[in-house]
Amino acid sequence: MNAPITEAEQILLRAAERGRARNLPYAGEVTPIEAHRLVNAIGARLIDVRSRFEYEYIGRVPGSALIEWKSWPDGEFNPHFLADLRRQYGPDDIVLFLCRSGIRSHSAAVTAAEAGFGRAFNIVEGFEGDLDANGQRGHLGGWRKAGLPWVQS
């Protein structure tokens, strides 16, 4: 008799289905709520790829790691991104990438998957979600809008 499938396994299956539906080169996509549940249930690694400025002053997820994708204010790509990722995590770790809206984290997940991280996921909606009709973030989704834990310096 098979053991019942856990909530974390269900989340990973849904995330993989989303990834296949969009033909993504990484393991899949999770919502902020699903990411939070994976971190708590199975110790998935949440990696914030925003700039240090965003991480420290706009807010961050407690326990997340910062590995910048691009720096602020110049927007230069971090040439040490993969080295920093490999220094902290292994290719079998479940790594969940978070940025402001899901765009930089998508790129980070692609890069991680291409480097052999077979369990790389993008957190859709990001920390602040998409822009609303007034050009502001935080109203249309994201980690904060979902009411998940976050802190601000």
Side-chain angles (χ1 to χ4, degrees), residues 6-12 14-16 18-19 22 24 26-115 117 119-153:
T6 67
E7 179 187 24
E9 290 167 330
Q10 291 173 5
I11 290 169
L12 292 172
R14 281 194 307 270
R18 289 182 201 119
R22 294 196 52 220
L24 297 174
Y26 47 85
E29 295 180 321
V30 294
T31 67
I33 290 172
E34 290 171 336
H36 182 254
R37 290 181 177 155
L38 289 172
V39 168
N40 288 331
I42 59 173
R45 311 301 187 165
L46 198 149
I47 303 163
D48 195 320
V49 299
R50 296 175 300 154
S51 69
R52 181 169 298 284
F53 177 83
E54 292 169 288
Y55 185 81
E56 292 179 359
Y57 295 103
I58 294 174
R60 64 189 173 281
V61 177
S64 63
L66 173 65
I67 303 177
E68 288 181 304
W69 180 251
K70 291 184 176 181
S71 61
W72 184 85
D74 56 10
E76 293 291 320
F77 172 74
N78 174 7
H80 307 290
F81 176 80
L82 273 176
D84 293 343
L85 181 64
R86 287 182 175 129
R87 189 171 19 264
Q88 296 180 56
Y89 305 103
D92 294 327
D93 287 331
I94 296 175
V95 289
L96 312 172
F97 293 100
L98 176 75
C99 70
R100 179 181 59 202
S101 63
I103 295 171
R104 284 174 284 176
S105 53
H106 164 80
S107 297
V110 169
T111 298
E114 289 172 350
F117 284 79
R119 299 167 74 177
F121 295 85
N122 181 30
I123 302 174
V124 295
E125 301 175 15
F127 189 72
E128 297 179 80
D130 292 330
L131 293 171
D132 65 15
N134 296 319
Q136 297 175 331
R137 295 191 190 276
H139 306 287
L140 298 180
W143 189 276
R144 292 190 324 184
K145 172 79 172 155
L148 298 170
W150 65 283
V151 295
Q152 188 174 30
S153 297

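Residue indices begin at 1 and follow the sequence shown. Since this is a predicted model, take the numbers as computed values, not measurements.
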Does the side chain of Arg60 come within less than 4.5 Å of Val151's, by heavy atoms?
-> yes
Would you call His36 and Ile33 a side-chain contact if the rule is heavy atoms closer than 4.5 Å?
-> no
Write out all pairs satisfying side-chain hydrogen bond (donor to acceptor under 3.5 Å, both in side chains) with one or both partners inside residues 102-112, taking only residues at least two apart or from two chains.
-> Tyr26-His106, Glu54-Arg104, Ser105-Asn122
For Glu9, the side chain to side chain donor-acceptor pair (under 3.5 Å) test, sequence neighbours excluded, returns Thr6
Taking atom CG of Leu12 and atom CZ of Arg119, what is their separation to the nearest 0.5 Å?
-> 7.0 Å
Looking at CD of Glu125 and CZ of Arg100, how far apart are the two atoms once the value is rounded to the nearest 0.5 Å?
-> 14.5 Å
Under the side-chain contact (heavy atoms from CB on, under 4.5 Å) rule, what do Val61 and Leu148 come out as? Steps first, then yes or no, please.
-> CA-CA 8 Å; Val61 177; Leu148 298 170; over 6 Å; no
Around atom CZ of Phe77, are there more than 12 heavy atoms of other residues, nucleotides or ligands at under 6.0 Å?
-> yes
Given the rule in the side-chain contact (heavy atoms from CB on, under 4.5 Å) test, do Ser64 and Tyr55 qualify, once you have shown the distances and angles that lead to the verdict?
-> CA-CA 10 Å; Ser64 63; Tyr55 185 81; 3.4 Å; yes
Side chain to side chain, Arg144 and Phe127, heavy atoms closer than 4.5 Å = yes
Donor-acceptor list for residues 82-98 side chains, cut-off 3.5 Å, not counting sequence neighbours:
{"residue": "Asp84", "atom": "OD1", "partner": "Arg87", "partner atom": "NH2", "Å": "2.3"}
{"residue": "Asp93", "atom": "OD2", "partner": "Gly90", "partner atom": "N", "Å": "2.8"}

Atom of Arg18, atom of Val30 and distance for their closest heavy-atom approach = NH1-CA, 3.8 Å
Main-chain N/O of Glu56 paired with Ser153 side-chain donor or acceptor, under 3.5 Å = yes
Glu7 meets the side chain to side chain donor-acceptor pair (under 3.5 Å) criterion, sequence neighbours left out, with Arg37
Would you mind listing every salt bridge (Lys or Arg N to Asp or Glu O under 4.0 Å) that reaches into residues 61-77, with sequence neighbours excluded?
-> none
Where do Trp150 and Pro62 come nearest, in terms of heavy atoms and distance?
-> CA-CD, 3.7 Å
Cys99 backbone acceptor or donor facing Trp69 side chain under 3.5 Å = no
Can you name the nearest heavy-atom pair linking Ala112 to Ala120, along with the distance?
-> CB-CB, 4.1 Å
Nearest heavy-atom neighbours spanning Ala27 and Phe121 = CB-CZ, 3.5 Å
Locate the shortest heavy-atom distance separating Ser101 from Gly129; write the atom from each residue and the value.
-> CB-O, 3.7 Å
Name every donor-acceptor pair, under 3.5 Å, that has one atom in a side chain of residues 41-49 and the other anywhere in the protein, sequence neighbours excluded.
{"residue": "Asp48", "atom": "OD1", "partner": "Arg50", "partner atom": "N", "Å": "3.0"}
{"residue": "Asp48", "atom": "OD1", "partner": "Arg50", "partner atom": "NE", "Å": "2.9"}
{"residue": "Asp48", "atom": "OD2", "partner": "Arg50", "partner atom": "NE", "Å": "3.1"}
{"residue": "Asp48", "atom": "OD2", "partner": "Arg50", "partner atom": "NH2", "Å": "2.7"}

Working to the nearest 0.5 Å, report the span between OH of Tyr57 and OG of Ser51.
-> 11.0 Å
